[in-house]
Engineer: 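To start, I am sharing the structure in question, which I have written as structure tokens.
Starting from 1, each residue takes its place in the sequence as its number. Worth saying up front: this structure is predicted, and the values here are computed from it rather than measured.
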Amino acid sequence: MNIQEVAKKILDLRENRSSSILMSGALQAEIGAEGFQEALRQGWIVPDIEGGSGMLTLTGNLTVVDSLKRAAQTVVSEDTYHFHLGKEEKDKKDEDKKDEDKKDEDKKDEDK
């Protein structure tokens, strides 16, 4: 898993969890040992000092969150891709995809 994928996963956790507390073992299983080390090094996850739980927490430092978002932006998922495209471009891409699928289907019918 590369740094962009790690950043995306950490950002997803930050945005989709009600609690910022993380269990280190579960996080390591999700992003791998190298990803875990990189997230610690970048400051995306930090020890939960305030709660004294001995667990980790997602950073609340807005400067670090900004760097996390920048790193995660380089991962282009289908949803992110469509978000950045204008509606007209998205519609054209969808039409092109349908046309390709139709051609593939017609070719399969001819082969039968």
Engineer: Is there a side-chain contact between I45 and L58, using heavy atoms and a 4.5 Å cut-off?
Structural biologist: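 A side-chain contact exists here, since the closest heavy-atom pair is under 4.5 Å.
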Engineer: Compare all side-chain heavy atoms of V64 with those of Q42 and state whether any distance is below 4.5 angstrom.
Structural biologist: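 No; the side chains remain at least 4.5 Å from each other.
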Engineer: Please tell me whether L13 and I3 are part of a single hydrophobic cluster in this structure, the criterion being side-chain heavy atoms less than 4.5 Å apart.
Structural biologist: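 Hydrophobic grouping puts L13 with I3.
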Engineer: Salt bridge (charged side-chain N to carboxylate O under 4.0 Å, His left out), that's the test. Do K8 and D12 meet it? Break it down for me.
Structural biologist: CA-CA 6 Å; K8 176 83 169 105; D12 286 345; 3.2 Å; yes
Engineer: Salt-bridged, R70 to D66, with N to O below 4.0 Å?
Structural biologist: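 Between D66 and R70 there is a salt bridge, with a charged N closer than 4.0 Å to a carboxylate O.
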Engineer: Can you see which heavy atom on A71 is nearest to which on Q4, and at what distance?
Structural biologist: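 Between these two residues, the closest heavy atoms are O-CG, 3.4 Å.
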Engineer: Nearest 0.5 Å, please: how far is CG in L68 from OG1 in T63?
Structural biologist: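 Output value for this atom pair is 12.5 Å.
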Engineer: Testing the basics here: between R14 and G60, what is the closest heavy-atom pair and its distance to 0.1 Å?
Structural biologist: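 Of all heavy-atom pairs spanning R14 and G60, the closest is NH2-CA, 4.3 Å.
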Engineer: Would a 4.5 Å heavy-atom cut-off, applied to side chains only, mark V46 and N61 as touching?
Structural biologist: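 A side-chain contact is absent here, since even the closest heavy-atom pair is not under 4.5 Å.
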Engineer: Quick check for you: to the nearest 0.5 Å, what is the distance between L40 atom CG and L56 atom CG?
Structural biologist: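 Nearest 0.5 Å value for the CG-CG distance: 6.0 Å.
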Engineer: Rounded to the nearest 0.5 Å, how far apart are CD of E5 and CD1 of I10?
Structural biologist: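 Going from CD on E5 over to CD1 on I10, the span is 12.5 Å.
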Engineer: Side chains of D48 and L22: does their closest heavy-atom pair fall under 4.5 Å?
Structural biologist: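 With C-beta onward as the side chain, the pair stays apart.
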Engineer: Under a 4.0 Å threshold between the charged nitrogen and the carboxylate oxygen, would R41 count as salt-bridged to E38?
Structural biologist: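 Yes, E38 and R41 are salt-bridged.
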Engineer: Is it true that M55 and W44 fall in one hydrophobic cluster, defined by side-chain heavy atoms closer than 4.5 Å?
Structural biologist: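 They do not share one cluster, since no chain of ILVMFWY contacts under 4.5 Å joins M55 to W44.
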Engineer: Got a sec, which pairs hit side chain to side chain donor-acceptor pair (under 3.5 Å) with one end in residues 15-34, sequence neighbours left out?
Structural biologist: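 Passing the test, one end in residues 15-34: S20-T57.
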